[in-house]
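To find a chain, count down the sequence lines: A is the first, B the second, and so on, and within it residues start at 1.
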2 protein chains.
Amino acid sequence: MTQPIAQALSARLRDMILAGEFQAGQHLREVQLAQLFGASRTPVRLALAANEKDGLLEYSPNRGYVVRPFAGEDIAAAFEMRAQIEGLAARKAAERGLSPEAARRIAETIDTDARVLSGDAPLDDGAREAWRANNAVFHKTIIEAADNRFIGPALQTVQRIPGVYPPVLASYDPVLLRKYNGHHRRIGECILARQGTRAEFLMREHVFEAGEDILTSLHPAHGPAQDLAGAAE
Amino acid sequence: MTQPIAQALSARLRDMILAGEFQAGQHLREVQLAQLFGASRTPVRLALAANEKDGLLEYSPNRGYVVRPFAGEDIAAAFEMRAQIEGLAARKAAERGLSPEAARRIAETIDTDARVLSGDAPLDDGAREAWRANNAVFHKTIIEAADNRFIGPALQTVQRIPGVYPPVLASYDPVLLRKYNGHHRRIGECILARQGTRAEFLMREHVFEAGEDILTSLHPAHGPAQDLAGAAE
DNA sequence: ATCGGTCAGGTTGTATGCAATCTCATTATC
DNA sequence: GATAATGAGATTGCATACAACCTGACCGAT
């Protein structure tokens with residue numbers, strides 16, 4: 001990453017941006033951030049550059065950094081990329097095969113989620129956190145099994161989008177989560193059966209649907225059709 | 001990007017790394033680079049951080065930056081990602097449709113390439129440069145037509161790989177280029193016909209084959225099979 | 001002889017000063 | 001009255017000084 005203090009500042013700044021603590025287009029001044037963080041301009045400058053590279057800020061020479069705006073189409077575009085890249089990960093994981101340990105971890109997340117979601121009551125905080133953690137492990141295990149150095153970083157830049165930040169979002173609808181649990185189960189089965197093509201497209205559709213659901217929850221008025229779906233083929 | 005001088009240094013450093021002017025694993029010292037570039041440590045530090053973000057350097061706190069090694073599997077992994085992402089671009093371009101201007105540009109690159117490659121003689125420098133430029137326009141036009149903010153940057157990080165740098169490579173084999181020209185023609189036809197699925201997979205295969213050809217030219221001994229193809233499905 | 005400690009040199013990390021550039025309000029000109 | 005020029009304040013860009021840390025050699029103890 002970057003340097004000790006600069007590294008921490010970069011992460012703090014990133015989280016602030018993702019949490020929506022700045023307005024889109026806002027000019028982030030170095031001295032202002034330095035005072036806020038209790039540091040000098042040097043590490044702040046590095047943190048700004050790092051977040052610009054991550055696509056969260058825009059830079060103009062001699063003018064500094066402004067917060068990059070994210071519209072609905074940008075969120076849809078990010079999920080399109082996620083679907084495509086995680087589809088690759090699922091296919092490669094199926095082609096290469098899972099280690100016994102990876103297979104065990106994936107099965108465990110699926111079974112645990114099914115158990116957590118078995119009741120009809122809305123999820124309490126513990127259940128939500130359990131689901132969030134299991135979801136992360138499921139996707140992370142497949143990405144690691146794909147064994148492609150470029151997948152992880154590419155996914156990070158497309159997952160860290162203001163407005164889709166898990167702490168902000170938190171639309172833990174049990175109906176949706178049960179649907180996702182079913183997706184996970186089928187994807188896991190395909191990977192174990194070494195069916196790469198099915199795994200790829202089920203994963204693609206899984207991520208795409210999750211994106212649709214999030215866009216729907218963000219714009220309750222109109223459905224996700226005009227945001228995510230392009231022209232018909 | 002970054003600051004005036006730092007921006008230039010970042011590009012110079014990147015080109016030096018891509019051109020293979022440093023050994024893999026080499027420790028890049030700030031003062032040394034500063035003297036080489038005739039600047040102070042401040043912009044050099046920004047250039048190092050930028051190239052680390054681009055995946056060309058590795059950073060350890062209080063130890064600085066070392067040149068990241070790239071093995072054959074890394075090149076194969078990069079082409080896998082390129083194939084997947086450019087496949088998305090081709091599909092989206094087909095779904096959204098091309099502007100008349102974009103359609104014209106694509107047709108022109110295909111026809112010009114076909115003319116340049118019509119002879120049997122090996123290509124001279126002008127022909128090579130023409131093909132390189134046309135190839136860039138073809139891919140760039142499709143990527144722009146896909147209209148997804150995340151595609152361009154993701155492709156850059158996966159295209160800028162030491163050892164696959166065009167000036168270094170320069171394996172302009174007319175037989176291969178004619179094959180690629182045929183790929184381009186079919187991909188262009190699919191996009192114009194709004195056949196997104198065919199466009200996606202033809203593009204994926206096009207990039208994949210190009211990767212195979214490059215790996216073959218890099219390791220003439222063994223074929224690309226063990227590098228690019230994973231386990232059978 | 002081997003292992004651990006200590007210190008000097010070198011490298012990175014941060015702070016700060018100065019120069020260059022931009023912003024924007026005020027003024028001058030048409 | 002509208003537009004262009006000007007200048008002060010603010011902000012970024014770069015250089016450099018100092019502090020923190022790491023590396024490796026030397027030395028002493030076991």
Q) Expressed in angstrom and rounded to an integer, what is the separation of B:Leu9 atom CG from D:dC14 atom C1'? A) 11 Å
Q. OP1 or OP2 of C:dT23 sitting under 4.0 Å from any side-chain N/O of A:His27?
A. no
Enumerate the protein-to-nucleotides 15-19 of chain C contacts in which both atoms are nitrogen or oxygen and the separation is below 3.5 Å.
from, atom 1, to, atom 2, distance (Å)
C:dA15, OP2, A:Ser40, N, 2.8
C:dA15, OP2, A:Ser40, OG, 2.5
C:dA15, O5', A:Ser40, OG, 3.3
C:dA15, N7, A:Thr42, OG1, 2.6
C:dT16, O4, A:Thr42, OG1, 3.3

Q.
Using the side-chain contact (heavy atoms from CB on, under 4.5 Å) definition, which of the options B:Leu36, B:Ile5, B:Leu9, B:Leu28 pairs with B:Val44?
A. B:Leu9
Q.
Using a 4.0 Å heavy-atom cut-off, does A:Leu28 contact any base of the nucleic acid, only the sugar-phosphate backbone, or nothing at all?
A. sugar-phosphate
Q: Kindly write out the residues that satisfy side-chain hydrogen bond (donor to acceptor under 3.5 Å, both in side chains) with A:Glu101, not counting sequence neighbours, or none if the list is empty.
A: A:Arg104, A:Arg105
(Q) Parallel, tilted or perpendicular: which one describes the rings of B:His139 and B:His184, with boundaries at 30° and 60°? (A) perpendicular
(Q) If I take atom CZ in residue B:Arg45 and atom C1' in nucleotide D:dA15, what distance separates them, rounded to the nearest angstrom? (A) 13 Å
(Q) I'd like to know if B:Glu86 pairs up with B:Arg204 as an ion pair, taking the criterion as any Lys NZ or Arg NE/NH1/NH2 lying under 4.0 Å from an Asp or Glu carboxylate oxygen. (A) no
Q. Could you state the CG-P distance from A:Asn62 to D:dG9, rounded to the nearest angstrom?
A. 21 Å
Q | Options D:dG13, C:dG13, C:dT12, nucleotide nearest the side-chain atoms of B:Tyr59 | A | C:dG13
Q | Rounded distance (Å) that lies between atom C1' of C:dC22 and atom CZ of A:Arg29 | A | 12 Å
Q. In whole angstrom, what separates B:Glu30's CD from C:dG13's P?
A. 6 Å
Q) Rounded to the nearest Å, what distance is computed from the CG atom of residue B:Leu48 to the P atom of nucleotide C:dT12? A) 8 Å
Q) Under a 4.0 Å N-O cut-off, is there an ion pair linking B:Lys92 with B:Asp147? A) no
Q. Is the shortest side-chain N/O distance from A:Arg63 to OP1 or OP2 of D:dT11 below 4.0 Å?
A. no
Q. Do B:Asp54 and A:Lys53 meet the salt-bridge criterion of a basic N to acidic O distance under 4.0 Å?
A. yes
Q. How long is the line joining CD of B:Gln35 and P of C:dG10, in whole Å?
A. 13 Å
Q. CZ of A:Phe37 versus P of C:dG13: gap in Å, rounded?
A. 19 Å
(Q) B:Asp113 vs B:Tyr180, test: side-chain hydrogen bond (donor to acceptor under 3.5 Å, both in side chains). Steps then yes/no. (A) CA-CA 10 Å; B:Asp113 280 342; B:Tyr180 301 152; over 6 Å; no
